[in-house]
Amino acid sequence: MKFRSFLFPLISALMAGGSSIVLTGCVDDDYWPYSPPPGWGANYFYDSRLDGSWELVQANSSPVDPYDTNYMDFYGDGHGRYYYYRNSHPYSEEMAYFCQRSRSTTTNYQINIQYEDGTGSTMAYWFTDGGNTLWLQWQTGNGRVMTYLYDRVSYIPW
């Protein structure tokens, strides 16, 4: 009888321990902060005009084909998701972002985006068409200026 009274608490403890191990697999695995790296001070903000979904419609004044387009979904407060095609297959990844004042000759603002794959971009940005068109512009390593035009969309077709 003593063996049986010891067995029940032991099995209960093992089940509780096993459950906690299983539940820790459900913890949110965001591994980067949704704010600038240390040292930026207060020189950043989250521009609420970016909030929503955007579709790339033009790259350097040329229309973008449906399987060459990409989408950005800004949730606010530095959170977002980037959608794109690779070899005609759809992919997506998380992105973190923050905005700053810019010394650009084109605009007073720049956006800094960090993608889940570890790459990042800093681009000048501005809006036209009542806030429904987003322009992103940056300079490549070889000095070429790239300008992408995004239109606000009501949903991302994924």
Side-chain angles (χ1 to χ4, degrees), residues 18-41 43-158:
S19 297
S20 68
I21 290 171
V22 169
L23 290 176
T24 58
C26 299
V27 173
D28 189 8
D29 63 348
D30 288 341
Y31 56 90
W32 76 76
Y34 292 99
S35 58
W40 284 86
N43 183 26
Y44 73 92
F45 61 96
Y46 302 113
D47 192 336
S48 62
R49 297 176 302 167
L50 291 165
D51 293 357
S53 302
W54 301 88
E55 176 184 7
L56 177 65
V57 294
Q58 206 176 88
N60 293 329
S61 301
S62 296
V64 177
D65 293 328
Y67 286 108
D68 289 329
T69 194
N70 63 56
Y71 300 86
M72 289 190 290
D73 205 359
F74 294 97
Y75 306 143
D77 294 329
H79 295 83
R81 192 147 198 93
Y82 177 63
Y83 300 83
Y84 59 97
Y85 288 98
R86 184 182 302 142
N87 298 325
S88 300
H89 296 288
Y91 292 91
S92 74
E93 59 186 87
E94 279 191 87
M95 65 179 188
Y97 68 93
F98 63 95
C99 304
Q100 296 175 283
R101 289 280 186 188
S102 169
R103 294 188 190 113
S104 166
T105 58
T106 310
T107 180
N108 292 326
Y109 303 104
Q110 69 183 27
I111 185 168
N112 303 281
I113 298 177
Q114 175 71 41
Y115 301 97
E116 187 176 349
D117 71 1
T119 61
S121 299
T122 298
M123 301 165 278
Y125 75 94
W126 66 96
F127 299 92
T128 58
D129 192 29
N132 290 316
T133 300
L134 169 65
W135 297 76
L136 296 177
Q137 188 174 70
W138 69 98
Q139 191 169 355
T140 65
N142 64 4
R144 183 174 178 207
V145 174
M146 305 293 288
T147 304
Y148 279 18
L149 178 73
Y150 286 82
D151 281 344
R152 189 178 295 277
V153 294
S154 57
Y155 69 96
I156 294 177
W158 238 251

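The model shown is predicted, which means the values in this text are computed figures rather than measured ones. Positions are given from 1, in the same order as the sequence printed here.
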Donor-acceptor pair, side chain of Arg152 and main chain of Gly131, under 3.5 angstrom: yes
Taking atom types as modelled and ignoring hydrogens, do the side chains of Ser102 and Asn108 form a donor-acceptor contact shorter than 3.5 angstrom? no
So does Arg49 get a backbone contact from the side chain of Asp47, meaning a donor-acceptor N/O pair under 3.5 Å? yes
Main-chain N/O of Leu149 paired to Gln58 side chain as donor or acceptor, under 3.5 Å: no
Run the side-chain contact (heavy atoms from CB on, under 4.5 Å) check on Tyr150 and Met72 step by step: do they pass? CA-CA 9 Å; Tyr150 286 82; Met72 289 190 290; 3.5 Å; yes
Can you tell me if Gln114 uses its side chain to pair, donor with acceptor, with the backbone of Met95 under 3.5 Å? no
Where Tyr125 and Cys99 come nearest, the two heavy atoms and their spacing: OH-SG, 3.5 Å
Has the side chain of Glu93 got a donor or acceptor atom that lies under 3.5 Å from a matching backbone atom of Asp117? yes
Report yes or no: do Tyr82 and Glu116 form a side-chain donor-acceptor pair below 3.5 Å? no
Does atom CG (Asn142) have a neighbourhood of more than 12 heavy atoms from anything else shown, all under 6.0 Å? yes
Does the Thr133 side chain pair with the main chain of Phe127, one donor and one acceptor, at a distance under 3.5 Å? no
Taking all heavy atoms of Val64 and all of Ala59, pick out the closest pair and write down the distance. CG2-N, 3.7 Å
Side-chain H-bond candidate by donor/acceptor type, Asn60 with Ser62, under 3.5 Å: no
Could you tell me which residues satisfy salt bridge (charged side-chain N to carboxylate O under 4.0 Å, His left out) with Arg101, sequence neighbours excluded, listed by chain and number? none
Pair Thr128-Trp126, side-chain contact (heavy atoms from CB on, under 4.5 Å): steps then yes or no: CA-CA 7 Å; Thr128 58; Trp126 66 96; 4.2 Å; yes
Between Gln110 (side chain) and Ala124 (backbone), is there a donor-acceptor pair under 3.5 Å? no
Verify side-chain contact (heavy atoms from CB on, under 4.5 Å) between Arg81 and Phe74, making sure each step is shown before the conclusion. CA-CA 7 Å; Arg81 192 147 198 93; Phe74 294 97; over 6 Å; no
Looking just at side-chain N and O atoms, do Thr147 and Gln137 make a donor-acceptor pair shorter than 3.5 Å? yes
Please give me the minimum heavy-atom distance between Tyr46 and Tyr97, naming the atom from each residue. CE2-O, 3.2 Å
Which residues pass the ring pair (Phe, Tyr, Trp, His ring centres under 6.0 Å) test with Tyr148, sequence neighbours left out? Trp138
Could you check whether atom OH of Tyr91 has more than 12 heavy atoms from other residues, nucleotides or ligands sitting under 6.0 Å from it? yes
